[in-house]
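One structure is given below, encoded as structure tokens.
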Amino acid sequence: MKTIKAIRGMNDLLPKQTVVWQYLEAEIRALLNGYGYQEIRMPVVEYTDLFKRSIGEVTDIVEKEMYTFNDRNNESLTLRPEGTAGCVRAGEQHGLFYNQVQRLWYAGPMFRYERPQKGRYRQFHQIGVEVFGLDGPDIDAELLLMTARLWRRLGLSDAVILQLNTLGNSESRNRFKIALVEYLTQHKEQLDEDSQRRLDSNPLRILDSKSSQTQQLLDGAPKLIDFLDNESLQHFEQLKNLLDQAGIQYQVNPRLVRGLDYYGKTVFEWVTDQLGAQGTVCAGGRYNGLVEQLGGRTTPAVGFAMGIERLILLLETCGVIPETVSNDADIYLMTPADGAQSRGFEIAEMLRETFPSLRVVCHCGGGNFKRQMKRAVDSKASYALILGSEEIESGEISVKALEGKHPQQRLSKDGLVDFIRQEYSA
């Protein structure tokens with residue numbers, strides 16, 4: 001019988017990997033909590049129209065990458081390819097936006113059918129942050145200050161750089177699109193294949209084409225900044241001033257447009273060159289028209305998302321995962337004596353009660369002293385607790401340092417608690 005394996009691009013996370021994920025998620029969760037953001041959880045399946053209306057029918061995501069299917073009621077459903085649209089749908093459905101400011105975050109899997117590559121998968125995971133009800137550059141700045149603080153906490157500040165741009169309002173973008181299409185149409189044969197296709201459907205995406213020939217052609221194209229409205233320019237200048245005053249370094253990238261139709265005004269990416277070609281680890285921007293586009297009232301909004309797989313890869317590449325991030329046991333409790341199992345459970349539960357953060361592994365499955373000691377060493381525990389026949393008779397526990405810190409000793413239950421408190425107080 002053929003062995004069943006995971007679907008290509010949808011990967012298992014094994015225990016040695018999940019402990020790093022838990023570390024990263026805990027750091028991000030603590031950071032967001034410190035800024036007053038609240039978690040929201042949305043379903044992974046939504047009506048397909050949600051993404052067509054929000055992302056745009058002529059984007060690569062909707063045209064080529066979504067996992068879409070009809071259910072038994074013949075309704076078109078889609079595995080979410082990103083989180084913002086679902087967050088807006090949930091907020092509008094449950095009345096979170098009316099005369100309210102909401103600072104929200106979410107985490108979970110997203111799905112896109114694209115070519116799997118290092119750090120990018122068909123089922124991938126994101127943490128997203130969305131703010132609703134605030135229109136000024138100050139909240140844009142807060143999001144960027146918050147991500148900068150995250151890089152400092154993770155030891156990644158030297159590995160990433162912030163890129164900024166402004167897309168202006170819809171009227172100024174439309175004027176720019178007309179001029180850009182007029183210019184590029186004259187040089188259509190020089191565009192790469194993807195850009196030729198986008199010329200009619202989504203011309204702004206041509207600005208971030210990966211083709212060097214197309215980028216050279218764009219050097220002579222109209223510039224978006226020449227078409228921007230005064231309000232958007234003022235917003236952008238105020239944002240830059242706030243970042244300058246906070247000491248946040250950035251680059252203005254006039255060709256940064258982001259890939260989704262709903263963005264306007266501020267857009268940004270945190271990029272790195274530590275993963276080979278320049279890669280994006282966190283990106284977002286302003287989308288003031290999306291709530292209204294999905295049937296709600298006009299609501300200013302701004303947010304970002306970061307890919308967990310890409311961040312984990314960056315942490316590993318930069319070698320900044322703390323040594324304490326480990327699945328290794330602290331204590332391995334051995335019970336080689338007959339009838340010692342229940343006594344072992346009693347001691348283990350007492351230790352877990354007294355030291356909630358301690359990882360205590362009880363040996364199960366029987367076996368002689370040699371076999372149990374091998375399991376203790378394999379667990380990478382710092383100490384083995386031994387309940388042999390002599391310990392059972394004396395009512396004590398032998399403590400053996402598996403890293404050679406202390407000579408083996410016998411302790412009472414109270415003595416064991418004092419010993420562990422001393423050893424793990426740091």
Side-chain angles (χ1 to χ4, degrees), residues 37 53-56 59 82-85 87-88 91-92 97 101-104 128-148 161-180 202-208 222-246 248 250-271 280 282-294 296-306:
Y37 286 69
R53 288 168 59 184
S54 60
I55 298 173
T59 57
E82 58 94 46
T84 300
C87 188
V88 170
E92 179 60 27
F97 301 151
V101 171
Q102 298 288 352
R103 287 175 163 93
L104 305 174
V129 175
E130 318 286 359
V131 180
F132 301 94
L134 295 172
D135 200 22
D138 49 357
I139 189 61
D140 301 13
E142 178 180 277
L143 291 179
L144 295 171
L145 289 170
M146 185 166 64
T147 46
I161 185 69
L162 173 62
Q163 295 190 349
L164 285 178
N165 195 20
T166 179
L167 302 181
N169 61 22
S170 57
E171 290 80 11
S172 58
R173 282 197 306 281
N174 286 334
R175 292 195 301 269
F176 170 65
K177 282 181 184 179
I178 292 171
L180 180 65
N202 197 353
L204 284 185
R205 286 302 312 278
I206 298 175
L207 296 179
D208 63 4
K223 301 297 186 285
L224 174 59
I225 193 166
D226 295 330
F227 294 80
L228 293 178
D229 56 289
N230 289 332
E231 196 275 332
S232 294
L233 286 171
Q234 185 179 20
H235 183 106
F236 195 50
E237 287 303 314
Q238 290 173 344
L239 171 60
K240 290 190 293 181
N241 287 337
L242 288 170
L243 296 177
D244 290 339
Q245 293 169 25
I248 304 297
Y250 59 88
Q251 300 171 347
V252 175
N253 179 357
R255 295 183 183 175
L256 175 62
V257 295
R258 304 294 299 131
L260 307 180
D261 278 2
Y262 51 64
Y263 284 113
K265 286 190 177 177
T266 306
V267 288
F268 61 87
E269 291 185 355
W270 287 93
V271 299
T280 302
C282 174
R286 207 160 250 294
Y287 51 96
N288 287 354
L290 184 56
V291 177
E292 185 177 11
Q293 189 176 321
L294 293 176
R297 298 168 181 260
T298 300
T299 304
V302 61
F304 66 80
M306 58 183 75

Check whether more than 12 heavy atoms from other residues, nucleotides or ligands sit under 6.0 Å from atom CG of Asp226, and answer yes or no. yes
Mind checking the CD-CG spacing from Glu237 to Asp244? Nearest 0.5 Å is all I need. 9.5 Å
Indicate the atoms forming the closest heavy-atom contact of His235 with Pro137, along with that distance. CE1-N, 3.4 Å
Can Leu239 and Leu144 be said to form a side chain to side chain contact (heavy atoms under 4.5 Å, CB included), step by step? CA-CA 10 Å; Leu239 171 60; Leu144 295 171; 4.2 Å; yes
Between Tyr287 and Glu130, is any side-chain donor less than 3.5 angstrom from a side-chain acceptor? yes
Within a strict 4.5 Å, meaning less than it, do heavy atoms of the Phe176 and Leu228 side chains meet? no
Contact check, side chains of Lys240 and Tyr250, non-hydrogen atoms, under 4.5 Å: yes
Do Ile139 and Val101 have side-chain heavy atoms sitting under 4.5 Å apart? no
d(Ile178 CD1, Arg173 CZ) to nearest 0.5 Å is 13.0 Å
For Cys87 versus Phe132, what's the shortest heavy-atom pair and its separation? SG-CE1, 4.1 Å
CA sep, side-chain torsions, deciding dist, call: Leu164, Phe236, side chain to side chain contact (heavy atoms under 4.5 Å, CB included): CA-CA 9 Å; Leu164 285 178; Phe236 195 50; 4.1 Å; yes
What one should report as the nearest heavy-atom pair of Ala246 and Leu145 is CB-CD2, 3.4 Å
Of the non-hydrogen atoms in Pro222 and Ala179, which two are nearest, and what is the gap between them? CG-O, 3.7 Å
What do you reckon, is CD1 of Ile225 surrounded by more than 12 foreign heavy atoms closer than 6.0 Å? no
Of all heavy-atom pairs between Ala148 and Ile248, which one has the smallest distance, and what is that distance? CB-CD1, 3.6 Å
What distance do Leu224 atom CG and Leu256 atom CG have between them, rounded to the nearest 0.5 Å? 10.5 Å
Thr280, Asn165, Asn253 screened by side chain to side chain donor-acceptor pair (under 3.5 Å) with Glu269, the one that passes: Thr280
Applying side chain to side chain contact (heavy atoms under 4.5 Å, CB included) to Thr147 and Leu162, what does each step give before you reach the verdict? CA-CA 10 Å; Thr147 46; Leu162 173 62; over 6 Å; no
To the nearest 0.5 Å, atom OG of Ser170 lies from atom NZ of Lys265 at 11.0 Å
Within the side chain of Asp229, is there an N or O that forms a donor-acceptor pair under 3.5 Å with the backbone of Asn169? yes
Interatomic distance, CD@Gln163 vs CH2@Trp270, rounded to 0.5 Å, equals 11.0 Å
Here the gap from Thr299 atom OG1 to Leu290 atom CG, rounded to the nearest 0.5 Å, amounts to 10.0 Å
Ignoring hydrogens, what is the shortest heavy-atom contact between Val129 and Tyr37? Give both atom names and the distance. CG1-CE2, 3.5 Å
Pair Leu134, Glu142 - check side chain to side chain contact (heavy atoms under 4.5 Å, CB included), show working. CA-CA 11 Å; Leu134 295 172; Glu142 178 180 277; over 6 Å; no
